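The structure under discussion appears below in the form of structure tokens.
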Amino acid sequence: MLPIQLFRQEKELVLAGLKKKNFKEIELVDKIVLLDEQRRALQVENDKLAAVLNTAAKNIGIHMSKGEKQEADTLKEMVTLHKEQAKDIAQRLSAMETEAQDMIIRLPNLPHSSVPFGKTPEENEIVRAGGTMPELGAHNMPHWELAVKYGLIDFELGNKITGSGFPVFMGQGSKLQRALIQYFLNFNIDAGFKEYSPAFMVNEASAYGTGQLPDKEGQMYHVTEDNLFLIPTAEVPVTNIYRDTITPEQELPIKMTAYSPCFRREAGSYGKDVRGLNRVHQFDKVEIVQIAHPAKSYEMLEEMVVHVEKLLQSLELPYRILRLCGGDMSFTSSLTYDFEVYSAAQERWLEVSSVSNFENFQANRMKIRFRDGNGKTQMAHTLNGSSLALPRIMACLLENNQKAEGIHIPFALQAYFGKNMIN
RNA sequence: GGAGAGAUGGCAGAGCGGUCGAUUGCGGCAGUCUUGAAAACUGUUGACUGUAAUAGGUCCGGGGGUUCGAAUCCCUCUCUCUCCGCCA
């Protein structure tokens, strides 16, 4: 949620940002500014009346204690006279607040100045690429065939037990999964991130805080009986650790990491994009989250990008880093880098990580603040990224490393997996 | 799931219809003393909103009600604790 002060002070900036983000309902901005002015005027009126009534109530108390019943009754009459008016103003005020809130909540975050203009994924900017493209023989297989060949994943079994998009891992597939999680977590911990094991369900307030509600409600699994949501990413519970807190400035940045399964309904997906592990309803991911000082957040973002890049390099996978254009960025983000790895058998790039700076967009909703050197509270910036999402990493590992004798395990993973080959 | 108790400022904990945004202790900050630190002593210390600046307004778990006036009374929701039940 954008802070209201921004509309008062930097309206042009807001308009330009929304345009870059390819946001359609630009007219909302003027409505918000106007409503805010009206609201404040009414607020002053409300406060003045409240002041009069407060004083009167206080004086009644004093008169009563002195036994001056006459004076007290006169004041009571006066207050009663104004009561309806006060109630009316309060009601109008609250209606205006709700209306303004409903409009502001519909506006996406503003993009950073480095975000490229554009509307479609084709207009994303390739920042850099790394790793070497594998050369596979003509008889190469996509991961869903390799998974069957080596008995790693059973998609059919998942259909039977739960439904499509809930694959069952087994044997060496399970072990590789576990090895990846362990490796990613340790890699993050070594870089100074504190590990958390959060709950995999969150309440409404948390889902609202990170921006899943009200917008993306349909993307989450909802346990209606208890009104809880299965988390679509560990970002939700982990960022919410700091909801409604004021942190001393010197404790920033706060760096957190967590493993969690992620649950996504992925309503509306279909076709070859969703084949095998490309898109599933439940998958594992290790997430990193930071609460940062506003002056340092972009520095931290670059640091996170380098961190994830090193992780991909250690897995010996060909990758590229994209800076997303305004139209392809998420609702809540100011700047997002996507990481893609090359799936050799499918001959396409698969997104495995998304690293973003949300500036104070989430912090404003969640009231994540810090106390600066002058003792004033300020909104912090929040950032997060995947390091990493497992399914597509596994897909690429299987496909890119397939040999006649088995599937090669990259060196960094061997200690965790226990051997250097799946066969 | 049943019965009972509770939710107050960073923490602990008073207040139970009027001058309470809230006694006190701890913690934090500043100072005195000290070469420095500790101890002791003194002072200070909530958030939000709002104004040109003062002022004003709101907040005692959330929401609603009674009253001239609510942290205090009533209703409701959420959460916590104790006991019982169930159970990995």
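Throughout, a chain's letter reflects where its sequence line sits, starting with A, and its residues are numbered from 1. All values reported here derive from a predicted model rather than from experimental measurement.
Residue-environment remark: CD (A/Q250) exceeds the threshold of 12 foreign heavy atoms within 6.0 Å. Within a 6.0 Å sphere centred on NZ of A/K48, heavy atoms belonging to other residues, nucleotides or ligands number 12 at most. In A/E84, the CD atom is not crowded: 12 or fewer heavy atoms of neighbouring residues, nucleotides or ligands sit closer than 6.0 Å.
Consecutive Watson-Crick or G-U pairs involving RNA chain B, each under 3.5 Å on both distances, make up stems of three or more pairs at B:1-7 with B:78-84, B:10-12 with B:24-26, B:27-32 with B:40-45, B:46-49 with B:56-59, B:61-65 with B:73-77.
Of the C1' atoms belonging to B/rG63 and B/rG27, the separation is 34 Å, rounded to the nearest Å. Spacing of P atoms, B/rG9 relative to B/rC83, comes out at 26 Å, to the nearest Å. With P as the reference atom, B/rU44 and B/rC48 are 22 Å apart, rounded to whole Å. When the C1' atom is used for both B/rU49 and B/rA55, the distance is 13 Å, rounded to whole Å. Rounded to the nearest Å, the gap between the C1' atom of B/rA12 and that of B/rA7 is 14 Å. B/rU24 and B/rC74: their C1' atoms are spaced 31 Å apart (whole Å). Nucleotides B/rG17 and B/rC68 are separated by 12 Å at their C1' atoms, to the nearest Å. With both ends at atom P, the span from B/rG6 to B/rG10 equals 24 Å, rounded to whole Å.
Using cut-offs of 30° and 60° for the angle between ring planes, the A/H307 and A/F187 rings count as tilted. Between A/H222 and A/F229, the angle of the ring planes stays under 30°, which puts this pair in the parallel group of the 30/60° scheme.
If you walk RNA chain B from 5' to 3' and mark each nucleotide with an atom closer than 4.0 Å to a heavy atom of chain A, the marks span B/rG18 to B/rG69.
Between A/Y242 and A/Q362 the shortest side-chain heavy-atom distance does not fall below 4.5 Å.
Residue-to-nucleotide proximity on RNA chain B shows that, of A/D36 and A/R369, the 5′-proximal contact is made by A/R369. Comparing A/R371 and A/I60, the nucleotide of RNA chain B nearest to each residue sits closer to the 5' end for A/R371.
Looking at residues two or more places apart in sequence or on another chain, you find no salt bridge (charged side-chain N to carboxylate O under 4.0 Å, His left out) involving A/D47. Residues passing the side chain to side chain contact (heavy atoms under 4.5 Å, CB included) test with A/E195 are A/L185, A/I189, A/S197, A/T257, sequence neighbours excluded. Scored by the salt bridge (charged side-chain N to carboxylate O under 4.0 Å, His left out) test, A/R323 finds A/E125 as partners (sequence neighbours excluded). Contacts of A/R106 classified as salt bridge (charged side-chain N to carboxylate O under 4.0 Å, His left out), with partners at least two apart in sequence or in another chain: A/E25. Applying the side chain to side chain contact (heavy atoms under 4.5 Å, CB included) test to A/E12 and every residue at least two apart in sequence or in another chain returns A/L15.
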Can you give each donor-acceptor pair under 3.5 Å made by side-chain atoms of residues 87-94 of chain A, sequence neighbours left out, with the distance rounded to 0.1 Å?
residue: A/D88; atom: OD2; partner: A/R92; partner atom: NH1; Å: 3.2

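Residue pairs meeting the salt bridge (Lys or Arg N to Asp or Glu O under 4.0 Å) criterion with at least one partner in residues 70-79 of chain A, sequence neighbours excluded, are A/K69-A/D73. Pairs engaging residues 293-307 of chain A under the salt bridge (Lys or Arg N to Asp or Glu O under 4.0 Å) rule: A/K255-A/E303 [sequence neighbours left out].
At a non-hydrogen distance threshold of 4.0 Å, A/R40, A/D47, A/A50, A/A51, A/N54, A/A57 from residues 40-59 of chain A come into contact with RNA chain B. Listed in residue order, the members of residues 75-91 of chain A having a heavy atom less than 4.0 Å from RNA chain B are A/K76, A/V79, A/K83.
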